[in-house]
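Below is one structure, written out as structure tokens; comments come after it.
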Amino acid sequence: MKFDIAVLPGDGIGPEVIAEGVKVLQAAGRKFGHEFKLQYGLIGGISIDKHDVALTEETLNMCRGCDSVLLGAVGGPKWDNPKAKVRPEDGLLGIRKGMGLFANLRPVKLFPALVNATNFKPEVVNGVDMVVVRELTGGLYFGKPKKQWETSRGRRAVDTMAYSEKEIERILRVGFELARARKKKLVSVDKANVLQTSRLWRQIAIELSAHYPDVTLEHMLVDSFSMKLIQDPRYIDVAVMENMFGDILTDEASTLAGSMGMLPSASLAGVPRENKGIFGLYEPIHGSAPTIAGKNIANPLATILSVAMMLRYSLALIPEAEAIEASVEAALNGGYRTFDIMSEGKIKMGTKEIGDVVVKGLGGGR
Ligand code: IPM
Ligand code: MG
């Protein structure tokens, strides 16, 4: 089959990890007989440098014309002035919002070979395998008013946490559907003891659960969830939460998988279903890591695993996705590591080199 894929490498290590993701994608294409037509675009700081905005209408339209989007990372010290009118992050938020990508899936899975790369006791993390469902186009990130201003008694700033019933319902549905396809256990994370948005969230979760009698729904307050996540991570299978909670907790959760460099993500415009593609954007959860950019040391596995998620959710190429995941796992079992997941006795590799190992493991030539 033939697919159009938009590729937005972005800033810092973005282009380096994307190059490996693309290499693996093309290898999968050769092996399984698909043609992936790539269309490159700018996002983030590199777009600001060229066009004065972090995301142009052209880039957005190009993405709209494709089957899915593969994105690296945005940002860097060059664009970090707090007074700047535009920020690289605006590009990322703009594309998420602009394409209606409200459902962010962040699987947190510890490959058995990486137990020693984590800071946890094996008996705590062995077998960690969960999906965090993060609401991505609402909440504290997007609510209005959102501004800074000066008053006679000093400067003030406000951000707003706002959610509509529709926004809450559609993300909870994603949580319920995923839970149904997995262990039938859904944890809904909120702060209902303090926040109105959370009280509405909890109410809607309870109402929706009537339509999912096969799924056990549990509510957890976000502070208590943050503790459970590292104290007893295997307790959690699917957890659904608002935008900012999901941002914070997935960085925390990444420590369970050994490194941020291991965590992929999918941002979808609807409820994922097996064997039916849905438009989505795929990116590693890590940032642009400017301090290690250009050194060929970044871990590309999160991006490669994001490519696998793209094949699964947007292109409905399930065996292809599984083959990539199996090749990543085989590389790890073979002892190959980037610096961030290195442990004693393993083989340290650069970005390109570990990408080559995954391509080789996949087969398909070149
Ligand atoms: C993430 C990142 C982004 C976010 C930043 C870069 C805007 O931290 O994808 O988790 O906060 O959503
Ligand atoms: Mg984040």
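For reference, positions follow the sequence shown, starting with 1.
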Checklist entry - Salt bridge or not for Glu283 and Arg96, using N-O below 4.0 Å? => result yes

Problem set entry | Lys/Arg cation over aromatic Phe142: Lys97, 6.0 Å, 45° cone | yes

Would you say Ser306 and Thr303 are linked by a side-chain donor-acceptor pair, where the criterion is simply a distance under 3.5 Å? no

query: Hey, is the main chain of Leu221 close enough, under 3.5 Å, to the side chain of Asp190 for a donor-acceptor pair?
result: no

query = Can we say Arg64 and Glu57 salt-bridge, meaning some charged N sits less than 4.0 Å from an Asp/Glu carboxylate O?
reply = yes

| query | Between Glu169 and Arg173, is there a side-chain N and carboxylate O pair less than 4.0 Å apart? | reply | yes

### Query
Between the side chains of Asp67 and Ser314, does any donor sit under 3.5 Å from an acceptor?
no

Check: With no hydrogens and no angle check, do the side chains of Arg106 and Ser265 hold a donor and an acceptor under 3.5 Å apart?
Finding: no

In residues 108-131, what donor-acceptor pairs under 3.5 Å come from side-chain atoms, sequence neighbours left out?
| residue | atom | partner | partner atom | Å |
| --- | --- | --- | --- | --- |
| Thr118 | OG1 | Val115 | O | 2.9 |
| Thr118 | OG1 | Phe120 | N | 3.2 |
| Asp129 | OD1 | Arg182 | NH2 | 3.4 |

So, Asp52 and Lys85, do they make that salt bridge, N to O below 4.0 Å? no

Within 45° of the axis and under 6.0 Å from the centre of the six-membered ring of Tyr235, does NZ or CZ of Lys228 qualify?
yes

Q: Return yes if a side-chain donor-acceptor contact under 3.5 Å exists between Asp11 and Trp79, otherwise no.
A: no

Taken in chain and number order and not counting sequence neighbours, the residues that satisfy side-chain contact (heavy atoms from CB on, under 4.5 Å) with Arg156 are Trp149, Thr151

| message | Under a 3.5 Å threshold, yes or no: a donor from one side chain and an acceptor from the other, between Tyr141 and Asp159? | response | no

Looking only at atom types and distance, does a side-chain atom of Arg337 sit under 3.5 Å from a main-chain N or O of Leu332, one as donor and one as acceptor?
yes

- Same apolar cluster (I L V M F W Y, side chains within < 4.5 Å links), Val238/Tyr212: yes

